[in-house]
Structure formats: structure tokens, C-alpha cells
Chemist: 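Input: one structure, supplied below.
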Amino acid sequence: MTSSPRPTAAARTAGDAAQPAAGLTRAGLAVLITAVFLPQVDFFIVNVALPTIQSSLGASAGALELVVAGYGTAYAATLVLGGRLGDMIGRRRMLLIGMSGFVLTSLVCGTAPGIGVLLAARILQGAAAGLVVPQVIATLHATLSGERRHRALGLYSSAAGAAIVVGQLVGGLLVTADVAGTGWRPIFLVNVPIGAVALIAAGRFVPASRSPHPLGLDLVGTLLFAGPWWPCWCRSRRVRRSVGPRGAGAR
């Protein structure tokens with residue numbers, strides 16, 4: 001096997017080249033666990049805030065269901081797509097893209113003026129989360145081996161399990177605290193500083209990796225999975241119109 005002494009421009013600019021990944025440090029592992037923990041927490045943290053969201057934004061019961069289910073469906077729909085994109089263009093790169101989207105959509109969720117904006121942001125937030133999680137598990141497999149890999153996978157599973165409890169506990173505390181009269185909004189805004197720190201740390205501590213033989217994108221499968229949500233979107237638009245002035249007084 002031979003290699004060119006002068007790499008092409010494409011090879012020089014590819015930050016996540018298909019080369020053996022560097023070893024994962026403890027700092028990098030902490031970043032990856034944080035990256036998988038936040039999206040899992042966000043699925044459960046919103047459950048305890050639904051009554052407050054309903055009273056604040058004047059949302060119907062159907063709209064509240066979409067706040068939860070829209071996130072979960074978008075998350076599930078983009079998991080395979082996110083994994084294959086990470087294999088193709090680099091897992092660290094996709095991790096940074098997904099985390100950036102998650103932080104931005106968390107900010108939009110936390111500042112949403114009405115139920116329509118919150119619904120749209122939650123679905124986009126779920127899609128961003130679906131881009132993040134596959135990069136975590138793939139990076140653990142690509143950068144660790146033996147006992148270290150087993151321990152890291154154990155932490156991965158533990159983080160996902162702990163998110164169920166932590167999400168509902170923290171969500172209840174934040175809603176009850178009603179920080180500066182913001183009601184339910186801190187359950188989303190708390191992701192912004194934590195996610196921003198994790199995003200910066202990911203660029204520094206998470207090694208680049210990608211698959212030497214990536215599979216193609218299954219866009220048709222993704223669309224077929226997410227397609228049935230179009231009627232839900234239509235319904236959410238009707239819900240938004242029916243809210244009327246009640247959503248305008250949201251805090």
C-alpha cells in the first residue's frame with residue numbers, strides 16, 4: 001500500500017478524513033456523554049412543563065401532544081440519516097453541526113412567542129438531536145477498544161437511563177422556581193450555556209473519524225417515516241389560528 005507524498009487539496013481540507021482516529025481522552029469522553037445526555041433529557045424535561053405551557057401560550061391538548069411527539073418523531077427520523085452523514089463527511093463535523101442546531105433551536109424554544117413557533121422549533125430540535133446521537137456511539141467504537149470501550153458504552157447507557165429521572169426532576173424544579181417570572185422557558189434555555197460549552201469542547205477534545213466505506217443516504221426512507229407528520233403540521237396550523245389573542249399575552 002502506497003501513499004502520495006503530496007496530498008491533494010481535498011485531502012488537506014478534509015477535517016475528518018477516513019483515517020484511523022486518534023484515541024479518545026477523558027475530556028473527549030465527557031463531551032460525548034454530555035452530547036448524548038442533553039437530547040435525552042430534553043425529551044422528558046418538557047413533560048412536567050406542559051400544563052404551564054398550556055396556560056402561558058393558550059395551547060390546546062392536541063398542540064401539547066405535538067410538542068412532545070414532534071420532537072420524538074423528528075429525532076427518530078434523523079437517526080439513520082445522521083449516522084450515515086457522519087460516516088460520509090466526518091463524525092466530529094456532524095457532531096458539531098448537530099449540537100449547533102440543538103443549541104439554536106433550544107434558544108428558539110425558550111423564547112417562542114406562541115405555540116406555532118414552539119412546535120416548529122421542537123421538531124427542528126428533535127432533528128438536530130437525531131444528528132448528534134449517532135456520532136457519539138460511532139466515535140466511541142472508532143476511538144476506543146477493549147475495556148475502555150466497554151466502560152464508555154456503559155457510561156453511554158447510564159447517561160441515557162439517568163436522563164429519564166434527571167429530565168423530569170430538573171424540569172419540575174425549573175418550572176416551580178419560575179426564574180424571573182419566565183415560567184416554563186428555562187427548561188429549554190438551560191440547554192444554551194451547557195450546549196455552547198460542550199460545542200466548544202467537542203471541537204477541541206473529540207477526535208475526528210469517519211467510515212472508509214460509508215453507505216449512501218436513505219432520503220426516501222427518511223421521508224416515508226416523517227411523511228405522515230404532514231397532517232399533524234396542518235393540524236398545528238389550525239391550532240395556531242384558533243389560539244388567537246390568548247397566545248399574544250404569553251410571557
Side-chain angles (χ1 to χ4, degrees), residues 29-54 59 61-80 82-83 95 98-99 101-103 105-110 112 118-119 121-141 149-179 182-199 201-202 225-226 229 232:
L29 177 59
V31 172
L32 291 178
I33 297 302
T34 301
V36 77
F37 183 72
L38 287 179
Q40 301 293 335
V41 165
D42 225 64
F43 185 83
F44 297 97
I45 198 172
V46 73
N47 291 336
V48 295
L50 291 178
T52 309
I53 293 174
Q54 183 176 34
L64 294 179
E65 291 176 5
L66 290 177
V67 169
V68 178
Y71 178 92
T73 301
Y75 171 81
T78 53
L79 278 174
V80 174
L95 178 68
M99 290 181 67
F102 186 81
V103 170
T105 51
S106 294
L107 179 61
V108 176
C109 285
L118 179 59
L119 286 174
R122 275 290 283 178
I123 291 174
L124 292 176
Q125 187 188 39
L131 298 180
V132 169
V133 174
Q135 317 315 323
V136 175
I137 189 72
T139 300
L140 293 180
H141 279 283
R149 178 188 291 177
H150 296 321
R151 290 180 180 177
L153 293 176
L155 286 175
Y156 174 94
S157 300
S158 298
I164 301 174
V165 177
V166 173
Q168 298 184 74
L169 177 61
V170 172
L173 290 175
L174 290 175
V175 171
T176 302
D178 192 17
V179 181
T182 53
W184 53 271
R185 299 183 185 277
I187 68 171
F188 297 114
L189 296 178
V190 71
N191 293 330
V192 177
I194 299 175
V197 172
L199 181 62
F225 183 87
W229 272 87
C232 296

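What's counted below: heavy atoms across the whole structure, side chains too, no hydrogens, waters or symmetry copies. Heads up: numbering here begins at 1 and tracks the sequence.
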Chemist: Taking the side chain as every heavy atom from C-beta outward, state whether L95 and L32 have any pair of such atoms under 4.5 Å apart.
Modeler: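 In contact.
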Chemist: Supply the atom-to-atom distance Q40 CD to Y156 OH, rounded to the nearest 0.5 angstrom.
Modeler: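 Rounded to the nearest 0.5 Å, the CD-OH separation comes to 6.5 Å.
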Chemist: Classify the ring geometry between F188 and W184 as parallel (under 30°), tilted (30 to 60°) or perpendicular (over 60°).
Modeler: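 Rings of F188 and W184: perpendicular, over 60°.
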Chemist: For residues P186 and L174, report the shortest heavy-atom separation together with the two atoms involved.
Modeler: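 P186 and L174 have their closest heavy atoms at O-CD1, 3.7 Å.
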Chemist: For G82, does its backbone N or O pair with a side-chain atom of Q135 as donor and acceptor, under 3.5 Å?
Modeler: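 A pair under 3.5 Å: yes.
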Chemist: Could you tell me whether the side chain of T73 and the main chain of G70 form a donor-acceptor pair under 3.5 Å?
Modeler: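 No, because the side chain of T73 does not come within donor-acceptor range (under 3.5 Å) of the backbone of G70.
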Chemist: Given L169 and V48, is the side chain to side chain contact (heavy atoms under 4.5 Å, CB included) satisfied, shown in steps?
Modeler: CA-CA 9 Å; L169 177 61; V48 295; over 6 Å; no
Chemist: Supply the atom-to-atom distance T52 OG1 to R185 CZ, rounded to the nearest 0.5 angstrom.
Modeler: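 Reported value, rounded in 0.5 Å steps: 11.5 Å.
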Chemist: Is there a donor-acceptor pair under 3.5 Å between the side chain of R122 and the backbone N or O of G72?
Modeler: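 Side chain of R122 to backbone of G72, a donor-acceptor pair under 3.5 Å: no, none is there.
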Chemist: Tell me, with the steps shown, if L118 and I53 meet side chain to side chain contact (heavy atoms under 4.5 Å, CB included).
Modeler: CA-CA 10 Å; L118 179 59; I53 293 174; 3.9 Å; yes
Chemist: Using every non-hydrogen atom in the two residues, find where V103 and A196 come nearest and quote the distance to one decimal.
Modeler: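 Nearest heavy atoms, V103 then A196: CG2-N, 4.0 Å.
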Chemist: Give, for atom CG of N47 and atom CD1 of I187, the distance between the pair rounded to the nearest 0.5 Å.
Modeler: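 Those atoms lie 9.0 Å apart.
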Chemist: Starting from the C-alpha separation in whole Å, work towards a yes-or-no answer on side chain to side chain contact (heavy atoms under 4.5 Å, CB included) for L199 and F102.
Modeler: CA-CA 10 Å; L199 181 62; F102 186 81; over 6 Å; no
Chemist: To the nearest 0.5 Å, tell me how far D42 CG sits from N191 CG.
Modeler: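 Rounded to the nearest 0.5 Å, the CG-CG separation comes out at 4.5 Å.
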Chemist: Between A74 and I123, which heavy-atom pair has the shortest distance, and what is it?
Modeler: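 Here A74 and I123 meet closest at CB-O, 3.2 Å.
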Chemist: How close do A49 and V175 get, counting heavy atoms only, and between which atoms?
Modeler: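 Closest pair (atom of A49, atom of V175, distance): CB-CG2, 3.8 Å.
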Chemist: Of all heavy-atom pairs between A121 and V108, which one has the smallest distance, and what is that distance?
Modeler: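 Closest pair (atom of A121, atom of V108, distance): CB-CG1, 3.6 Å.
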Chemist: Does V197 form a side chain to side chain contact (heavy atoms under 4.5 Å, CB included) with T34? I'd like the steps, not just the answer.
Modeler: CA-CA 10 Å; V197 172; T34 301; over 6 Å; no
Chemist: Starting at CG of L38, measure out to CD1 of I33 and round the result to the nearest 0.5 Å.
Modeler: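 Answer for the CG-CD1 pair, L38 versus I33, is 11.5 Å.
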Chemist: As an exercise, state the distance from CG of L64 to CG of L119, rounded to the nearest 0.5 Å.
Modeler: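 With rounding to 0.5 Å, CG (L64) is 8.5 Å from CG (L119).
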Chemist: Looking at side-chain heavy atoms only, is the closest gap between V190 and V170 below 4.5 Å?
Modeler: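 A side-chain contact under 4.5 Å is absent here.
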Chemist: Between G101 and A128, what is the shortest heavy-atom contact and its length?
Modeler: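 Of all heavy-atom pairs spanning G101 and A128, the closest is C-CB, 3.7 Å.
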